[in-house]
Enquirer: 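I'd like to ask you about the structure that follows.
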Amino acid sequence: MALLVLGQKGHGQYATIKGKVIDQLAAPIAGAKLKVIGFANETTTAKDGTYTLKVLSGLRIRIEITAEGYQKSILGLSPVDGRIYHETI
């Protein structure tokens with residue numbers, strides 16, 4: 001299971017992350033749950049695997065991704081210069 005971050009747009013204290021959750025064959029995963037660890041922010045992917053998640057701007061965050069039939073994944077994201085970078089956890 002992989003998380004693609006398509007973009008981030010900041011508005012003051014918050015940033016909106018949009019992306020897509022896919023499997024090893026790049027097929028979208030519908031119904032995957034994304035939760036920001038340590039915060040109440042969470043969302044579920046649409047039928048096409050896309051999601052939108054609102055997070056606090058400027059903070060390094062960890063997102064837990066779960067979906068039925070897949071191993072749980074945790075991904076770190078760090079906003080730098082208005083962009084989001086994948087980090088190894």
Side-chain angles (χ1 to χ4, degrees):
M1 186 164 39
L3 175 75
L4 298 177
V5 178
L6 300 177
Q8 177 230 9
K9 191 172 193 175
H11 294 288
Q13 277 188 296
Y14 295 95
T16 301
I17 300 170
K18 294 181 180 187
K20 189 173 194 174
V21 177
I22 56 172
D23 66 13
Q24 328 53 310
L25 301 174
I29 300 176
K33 181 178 173 183
L34 291 86
K35 180 173 180 0
V36 180
I37 296 172
F39 296 91
N41 310 46
E42 61 181 57
T43 192
T44 302
T45 58
K47 288 181 183 180
D48 63 355
T50 59
Y51 68 89
T52 301
L53 187 61
K54 193 174 190 178
V55 298
L56 286 172
S57 261
L59 291 181
R60 188 174 128 191
I61 60 171
R62 294 173 71 198
I63 299 175
E64 178 182 89
I65 310 160
T66 55
E68 189 173 326
Y70 294 90
Q71 184 176 0
K72 175 174 73 173
S73 295
I74 296 178
L75 178 72
L77 298 173
S78 180
V80 177
D81 299 329
R83 302 177 84 184
I84 293 179
Y85 295 88
H86 294 266
E87 295 180 346
T88 303
I89 294 182

Enquirer: Can you give the donor-acceptor pairs under 3.5 Å from side chains of residues 33-44 to other protein atoms, not counting sequence neighbours?
Expert:
unit_1 : atom_1 : unit_2 : atom_2 : d
K35    : NZ     : F39    : O      : 2.6
N41    : ND2    : K54    : O      : 2.4

Enquirer: Hey, could you give me the CD1/OG1 distance between I74 and T66, rounded to the nearest 0.5 Å?
Expert: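 Taking CD1 in I74 and OG1 in T66, the distance rounds to 10.0 Å.
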
Enquirer: Measuring from atom CD1 of I17 to atom CD1 of I61, what distance do you get when rounded to the nearest 0.5 angstrom?
Expert: 4.0 Å

Enquirer: Would you give the length of the straight line joining atom CD1 of I29 to atom NZ of K20, rounded to the nearest 0.5 angstrom?
Expert: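 Between atom CD1 of I29 and atom NZ of K20 there are 11.0 Å.
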
Enquirer: Any chance you could measure T50, atom OG1, to K18, atom NZ, to the nearest 0.5 Å?
Expert: 9.5 Å

Enquirer: Check side-chain contact (heavy atoms from CB on, under 4.5 Å) between A30 and all other residues, then give those that pass, not counting sequence neighbours.
Expert: none

Enquirer: Looking at every non-hydrogen atom in both residues, tell me the closest pair between G31 and T45 and how far apart they are.
Expert: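 For G31 and T45, the tightest heavy-atom pair comes out as N-OG1, 2.9 Å.
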
Enquirer: Determine, step by step, whether L53 and I63 satisfy the side chain to side chain contact (heavy atoms under 4.5 Å, CB included) criterion, reporting the C-alpha distance in whole Å, the side-chain angles of both residues, the deciding distance to 0.1 Å, and the verdict.
Expert: CA-CA 10 Å; L53 187 61; I63 299 175; 3.9 Å; yes

Enquirer: So how far is it from L59 CG to Y14 OH, rounded to the nearest 0.5 Å?
Expert: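 Separation between the atoms: 10.5 Å.
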
